[in-house]
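One structure below.
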Amino acid sequence: MQAITVRDRDAGVGGLTLTDLPYPHAAENDVIVRVHAAGFTPGELDWPATWTDRAGRDRTPSVPGHELSGVVVELGYGTTGLTVGQRVFGLTDWARNGSLAEYTAVEARNLAPLAADIDHTVAAALPISGLTAWQGLFDHARLTTGQTVLIHGAAGSVGSIAVQLAREVGAHVIGTGRAAARDVVLGLGAQAFLDLDTDSWESVGEVDVVFDVIGGDVLERSTALVRPGGTLVTIAAPPAVQPKNGRAVFFVVEPDRAQLVTLAQRLRDGRLKPLVGAVRPLAETADAMARRRGPGRTIIQVAQDREPERP
Ligand SMILES: NC(=O)c1ccc[n+]([C@@H]2O[C@H](COP(=O)([O-])OP(=O)(O)OC[C@H]3O[C@@H](n4cnc5c(N)ncnc54)[C@H](OP(=O)(O)O)[C@@H]3O)[C@@H](O)[C@H]2O)c1
């Protein structure tokens, strides 16, 4: 089968290479998914699990990409809950070969059923961004109706979903980003927009929740904006400073089938719209990522609608 692999940590997205690989093995509780569409986060090339397995052993050439939408073609020993022929979407394991491949082996519990009327290219844009936004806002920050949330990078993949989910729950949403992101962020439903390059941060006042995807100086300066009892949640890096009388949390997104089901319902009824940018074929992955420009997640279309035969 064809897959994108990486071998060289220093090569960046230029190292994403089309390669012939053996069809994957379905272990216990796995499924093999025929991948129709996949998402790739450039930051993956800095993640340890891209290069080593859980025991720390080199696993290159490895297949990156950790979100997918596709069809189950095989069940592993003892796998229940999903069936051959079922449309699914979700996360692949961080330390195993991922979704930039015609077929991939995934633990079934990391996937959720996908309704026939949701396009694979849209569903593939949701697992990482959707689960990260959901877990950050609701599991870690406990955002509720009437609270104010400041969402950094609000036109990005994670931020744009966070804005929509926070509005749905009845929060007051302030989005941030570069000047060009203003219309997108307000169009997603944010009540206010802050240009991180030119606007004064202090004008925002204290907020109940800060959701940070940028890190560095943005993360550090945000600490002072957290109201007593509030939460700063970041997906960029562990924070060096804690808010006064509040808390700061860094986390890595976890697979969660129930949350994927919830997100898919919102896709179907139109409450949630992931921003999809370019849709490019597997062979053009390196070029697609090099030319990537926001807003909108670049999606790699691996298979067309026709179901190919298993090799
Ligand atoms: N811990 C986790 O579980 C987890 C999960 C998912 C993602 N992540 C990480 O979180 C980060 C964001 O992911 P993403 O997929 O949302 O990325 P993305 O789609 O590139 O979105 C990031 C957004 O932030 C904006 N931005 C970045 N730096 C900025 C700055 N200095 N000033 C103003 N705006 C700025 C970007 O604008 P431009 O496009 O104009 O630069 C973009 O709109 C990545 O580093 C990713 O690896 C972590």
Side-chain angles (χ1 to χ4, degrees), residues 39 41 119 121-123 125-138 140-219 221-227 230-236 262-279 292-299:
T41 305
D119 196 279
T121 55
V122 176
L126 195 59
I128 290 183
S129 309
L131 290 174
T132 304
W134 187 281
Q135 291 168 19
L137 291 175
F138 305 130
H140 297 290
R142 305 273 172 209
L143 181 75
T144 58
T145 310
Q147 291 188 322
T148 298
V149 57
L150 177 68
I151 299 174
H152 289 308
S157 299
V158 177
S160 60
I161 300 290
V163 169
Q164 295 173 71
L165 291 176
R167 276 306 310 273
E168 187 196 331
V169 83
H172 180 81
V173 178
I174 305 162
T176 82
R178 300 182 211 283
R182 178 183 298 272
D183 289 349
V184 172
V185 173
L186 295 176
L188 290 168
Q191 282 100 336
F193 177 81
L194 198 60
D195 178 342
L196 288 178
D197 294 321
T198 59
D199 289 338
S200 153
W201 289 41
E202 289 65 31
S203 63
V204 171
E206 289 185 331
V207 298
D208 299 288
V209 174
V210 176
F211 192 121
D212 168 58
V213 310
I214 298 174
D217 181 54
V218 171
L219 168 58
R221 289 177 62 192
S222 297
T223 311
L225 301 178
V226 179
R227 179 169 293 160
T231 305
L232 184 158
V233 60
T234 178
I235 57 169
T262 300
L263 291 163
Q265 282 163 352
R266 285 166 170 73
L267 264 190
R268 283 195 85 184
D269 63 25
R271 275 178 288 168
L272 201 54
K273 290 189 176 65
L275 300 178
V276 176
V279 178
R292 191 180 74 100
R293 296 284 177 275
R297 193 153 180 81
T298 299
I299 294 298

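Below, each value reflects all heavy atoms present in this structure, side chains not excepted, and no hydrogens, waters or symmetry copies.
- Taking each heavy atom of A125 and V276 in turn, the nearest pair found is CB-CG2, 3.9 Å.
- Taking each heavy atom of V149 and A171 in turn, the nearest pair found is CG1-CB, 4.2 Å.
- The shortest non-hydrogen separation linking I214 to G153 is CD1-N, 3.9 Å.
- When the side-chain contact (heavy atoms from CB on, under 4.5 Å) test is applied to A154, the partners found at least two apart in sequence or on another chain are I151, V163, V185.
- Under the side-chain hydrogen bond (donor to acceptor under 3.5 Å, both in side chains) criterion, S157 pairs with R297, sequence neighbours left out.
- Here the closest heavy-atom approach between residue A179 and residue D195 is recorded as CB-OD2, 3.3 Å.
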What do the steps show when you test L272 against L126 for side-chain contact (heavy atoms from CB on, under 4.5 Å), and what is the final call?
CA-CA 10 Å; L272 201 54; L126 195 59; 4.1 Å; yes
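- Residues forming a side-chain contact (heavy atoms from CB on, under 4.5 Å) with V204 (at least two apart in sequence, or on another chain): I174, L194, V207.
- In this structure, F138 and V169 have side chains that are in contact, with non-hydrogen atoms separated by less than 4.5 Å.
- In this structure, D208 contributes its side chain and G230 its backbone to no donor-acceptor pair below 3.5 Å.
- Within the 4.5 Å cutoff, the side chain of V184 has no heavy atoms near those of the F193 side chain.
- Remark: A180 pairs with no residue by the side-chain contact (heavy atoms from CB on, under 4.5 Å) rule, at least two apart or across chains.
- Pairs passing the salt bridge (Lys or Arg N to Asp or Glu O under 4.0 Å) check and including a residue from residues 144-157, sequence neighbours excluded, do not occur.
- Residues L186 and A192 share a closest heavy-atom pair of CD2-C, 3.9 Å.
- To the nearest 0.5 angstrom, I235 atom CD1 is 5.5 Å from T132 atom OG1.
- A donor-acceptor contact shorter than 3.5 Å links the side chain of T234 to the backbone of A236.
- Evaluation of the side-chain hydrogen bond (donor to acceptor under 3.5 Å, both in side chains) rule for Q147 yields no partner, not counting sequence neighbours.
- In plain terms, the two heavy atoms of L165 and A133 that are nearest each other are CD1-CB, 4.1 Å.
- Listed by first and then second residue, the salt bridge (Lys or Arg N to Asp or Glu O under 4.0 Å) pairs that reach into residues 142-165 come to none, sequence neighbours excluded.
- Legend: salt bridge (Lys or Arg N to Asp or Glu O under 4.0 Å) pairs involving residues 159-177, not counting sequence neighbours, sorted by first then second residue: E168-R266, E168-R271.
- For residues 173-193, the side-chain hydrogen bond (donor to acceptor under 3.5 Å, both in side chains) pairs, not counting sequence neighbours, are H152-T176.
- Considering only residues two or more places apart in sequence or on other chains, R268 meets the salt bridge (charged side-chain N to carboxylate O under 4.0 Å, His left out) condition with D117.
- Checked against ring-ring contact (aromatic ring centres under 6.0 Å, His included), H172 has no partners two or more places apart in sequence or in another chain.
- Annotation: side-chain hydrogen bond (donor to acceptor under 3.5 Å, both in side chains) contacts of T121 (sequence neighbours excluded): D119.
- Atom CG of L267 is separated from atom CD of Q265 by 10.5 Å, given to the nearest 0.5 angstrom.
- Atom OG1 of T262 sits about 9.5 Å away from atom CG of L131, to the nearest 0.5 Å.
- The CG atom of L225 sits 12.0 Å away from atom OG1 of T148, with the distance rounded to the nearest 0.5 Å.
- Side-chain contact between D212 and S222 is absent, with no heavy-atom pair separated by less than 4.5 Å.
- With rounding to the nearest 0.5 angstrom, the CG atom of L150 is 9.0 Å from the CG atom of L232.
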